[in-house]
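Step one of this worksheet: look at the structure below.
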Amino acid sequence: FVHLHTRSWFSFGAGGSSPEALVTRAAELGQPALGLTDLHGVYGMVRFQKACKAMGIHAVVGGEVLIDGSPLVLLARSPQGYRDLCSLLTRAHLASAGLQDGDLALLGERMAVSGTRTVADVGSLVSARVDAMNAGNSANLSGGDPDTTPNIGDIRFIGSGKTDTPLNILPTPMRPVPTVNLELLGTYADDLICLTGGRTGTLWQLASRRQDTAANAWLRTLREIFDDGQDGRRLYVELIHGLLPEDAAIAARLHHLATGQQLPTVATNDVRFATPANWRRYDLLTCARLNIRVSEPHAERPRNAEAYLKSEAQLRHLLPYPEAFDHTVEIAESCRVDLVPEFITPPSAIIPGGKTARSYLTELCNAGLQDLYAPDKRAAAQAQYDRELKVITDLELEEFFLVVHEVVSVARQRGIRCAGRGSAANSIIAFLLRITAVDPIRHNLLFERFLHGGRKGTPDIDVDFDADRRDEVIAALEASTR
């Protein structure tokens with residue numbers, strides 16, 4: 001059995017445990033995998049996958065996305081599925097801010113016109129203008145020209161011509177909840193698996209009100225989106241039991257609906273925290289999200305402490321549907337997304353014809369030795385260079401260094417300020433390639449602090465670029481690899 005509907009505290013007020021605590025609990029229960037499906041985002045996914053690798057269990061990547069205001073659990077079957085999930089979430093947040101895809105370019109243009117560098121800067125600018133308006137100085141904000149005065153709350157900066165497009169980029173309590181429609185869901189559904197959601201989901205709500213006709217219509221709608229010709233095996237009816245009086249009857253009704261539509265079921269606990277001891281924290285976070293006192297009742301507050309990561313035996317006792325448990329393992333095995341691979345494969349370097357990566361790296365470094373070291377200093381530099389080159393070639397990192405050299409060269413050819421920093425400054429090869437500007441021989445720096453023969457994967461080379469022109473470097477590199 002695998003928990004596939006699980007929130008962490010990266011659901012921001014709608015989950016009560018860290019990703020690491022959830023993974024630790026699943027490992028203690030001997031479960032082979034765990035899914036993380038935070039509400040509105042995948043913010044904790046890297047921490048979650050790292051914790052899963054440390055504990056030796058398989059990580060299932062997903063999220064809880066609102067579709068026309070109602071949650072569905074979406075699980076990524078592949079890297080493409082993860083990209084599609086992120087696209088859905090991004091568009092949901094853009095829509096909640098009053099933005100569409102085309103507005104992003106417009107926002108960048110207006111930021112340039114207003115002299116700001118980030119969305120946060122634009123927000124600060126508008127906040128200052130709000131204060132000025134509240135003080136009665138609105139006539140002086142833009143020279144009295146109403147066409148260039150920002151709409152406070154809409155934020156209207158004029159770019160190349162007059163426009164009335166609103167850009168609600170400031171996060172406020174009044175911003176609508178992020179949601180997408182069914183049409184957009186269908187656009188990104190091919191590599192996603194859908195669970196119908198817990199007690200706040202449309203299907204559960206319809207079943208609780210005995211609206212079978214509407215429930216069947218909803219399932220048919222979802223099946224049209226997720227049916228890939230394999231008997232709807234990307235759509236699963238979610239069964240939960242949180243020890244509330246109505247749960248057993250509703251689970252039975254959902255199972256009946258699934259059987260009638262020949263859809264598979266899946267058992268979950270709609271997990272919000274790792275152990276019962278975390279219930280109070282989850283309740284407190286819920287109150288904070290709802291802006292209510294802990295003494296005030298609210299429908300969204302937990303009615304008991306049962307939404308924790310339970311054992312298979314506990315759930316089988318509550319949900320007598322064996323196939324729903326078998327399906328959790330099948331789903332987990334079909335979902336393969338690795339966000340933190342052991343090794344990163346760098347892009348290929350541009351190497352002149354007739355040369356290898358090693359010979360070209362050697363040529364560049366030899367030129368650097370001649371340019372940067374006086375004759376009486378070259379012997380020590382050559383010895384250090386030879387030692388470093390052996391480590392780099394043993395680790396097959398020649399192309400990695402050449403790629404970083406290309407990036408720095410592209411920036412300098414365009415007059416864009418850049419500088420390598422950090423432990424890479426301990427390497428004479430980084431110095432000879434002009435990646436860094438620190439002479440490790442002169443300053444007696446230890447190369448092994450940067451790279452050694454026992455290292456796995458690529459080393460860290462940090463390069464800072466002029467923030468105003470960083471995009472130029474990226475665009476040039478993208479153009480060179482087309």
Side-chain angles (χ1 to χ4, degrees), residues 342-481:
E342 293 291 335
F343 298 95
I344 298 175
T345 303
S348 298
I350 300 175
I351 301 172
K355 298 180 181 180
T356 65
R358 176 166 184 174
S359 67
Y360 186 43
L361 178 64
T362 301
E363 177 184 317
L364 292 173
C365 289
N366 284 336
L369 281 168
Q370 297 299 316
D371 293 341
L372 297 172
Y373 288 96
D376 62 327
K377 304 290 185 183
R378 283 182 196 149
Q382 181 73 50
Q384 178 65 19
Y385 161 67
D386 290 340
R387 189 165 65 86
E388 289 189 19
L389 184 63
K390 183 179 187 308
V391 174
I392 289 170
T393 54
D394 287 347
L395 296 174
E396 299 181 346
L397 292 174
E398 298 97 329
E399 281 205 63
F400 175 77
F401 279 84
L402 289 173
V403 167
V404 180
H405 167 70
E406 284 176 25
V407 175
V408 172
S409 297
V410 164
R412 294 205 170 112
Q413 288 165 8
R414 287 161 174 76
I416 300 172
R417 291 176 299 149
C418 65
R421 60 177 174 83
S423 62
N426 294 36
S427 167
I428 193 172
I429 287 183
F431 178 57
L432 297 176
L433 293 174
R434 270 74 166 188
I435 295 170
T436 61
V438 176
D439 180 357
I441 301 297
R442 178 184 175 188
H443 296 283
N444 195 28
L445 301 180
L446 181 65
F447 172 68
E448 284 74 15
R449 181 173 174 269
F450 166 62
L451 186 63
H452 55 83
R455 184 187 179 100
K456 292 183 179 180
T458 54
D460 295 324
I461 299 182
D462 299 317
V463 182
D464 292 326
F465 296 90
D466 184 337
D468 290 334
R469 302 186 65 188
R470 186 185 299 118
D471 289 345
E472 292 182 46
V473 180
I474 296 172
L477 292 170
E478 287 178 344
S480 69
T481 57

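- Listed by chain and residue number, nothing satisfies the side-chain hydrogen bond (donor to acceptor under 3.5 Å, both in side chains) test with Thr393 (two or more places apart in sequence, or in another chain).
- Identified under the salt bridge (charged side-chain N to carboxylate O under 4.0 Å, His left out) test for residues 352-372, with sequence neighbours left out: Lys355-Glu363, Asp371-Arg434.
- Sorted by first and then second residue, the side-chain hydrogen bond (donor to acceptor under 3.5 Å, both in side chains) pairs involving residues 438-447 (not counting sequence neighbours) are Tyr373-Asp439.
- Across all their heavy atoms, Ala349 and Glu399 have their closest contact at N-OE1, 2.7 Å.
- The minimum heavy-atom distance linking Ala430 with Ala424 is given by the pair CB-O, 3.6 Å.
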Residues 401-411, side-chain donor-acceptor partners within the protein, below 3.5 Å, at least two apart:
from, atom 1, to, atom 2, distance (Å)
His405, ND1, Leu433, O, 3.1
Glu406, OE2, Ile350, N, 2.5
Ser409, OG, His405, O, 2.8

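- For Asp376, there are no side-chain hydrogen bond (donor to acceptor under 3.5 Å, both in side chains) partners at least two apart in sequence or on another chain.
- In terms of the side chain to side chain contact (heavy atoms under 4.5 Å, CB included) criterion, residue partners of Gln384 (sequence neighbours excluded) are, by chain and number, Arg387, Glu388, Ile428, Ile441, Phe447.
- Rounding to the nearest 0.5 Å places CD1 of Ile435 at 5.0 Å from CD1 of Ile461.
- Ala379 meets the side chain to side chain contact (heavy atoms under 4.5 Å, CB included) test with no other residue; sequence neighbours excluded.
- Rounding to the nearest 0.5 Å gives a distance of 9.0 Å between CG of Asn426 and OG1 of Thr436.
- Nearest heavy-atom pair across Ser423 and Phe450 is O-CB, 3.1 Å.
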Audit row: Thr458, Leu395, side chain to side chain contact (heavy atoms under 4.5 Å, CB included) steps and yes/no: CA-CA 9 Å; Thr458 54; Leu395 296 174; over 6 Å; no

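- Residues satisfying the salt bridge (Lys or Arg N to Asp or Glu O under 4.0 Å) test with Lys390, not counting sequence neighbours, are Asp394.
- With Ser359 contributing its side chain and Thr356 its backbone, the two residues share a donor-acceptor pair below 3.5 Å.
- For the salt bridge (Lys or Arg N to Asp or Glu O under 4.0 Å) test, residues two or more places apart in sequence or in another chain that qualify with Arg469 are Glu472.
- For the atom pair CG (Leu397) and CG (Leu389), the distance works out to 11.0 Å, reported to the nearest 0.5 Å.
- Partners of Asn366 under the side chain to side chain contact (heavy atoms under 4.5 Å, CB included) rule, at least two apart in sequence or in another chain, are Thr362, Leu369, Tyr385.
- In this structure, the separation between CD1 on Ile429 and CD on Glu398 is 9.5 Å, given to the nearest 0.5 Å.
- For residues 417-428, the pairs satisfying salt bridge (charged side-chain N to carboxylate O under 4.0 Å, His left out) are Arg417-Asp466, Arg421-Asp462, Arg421-Asp464, with sequence neighbours left out.
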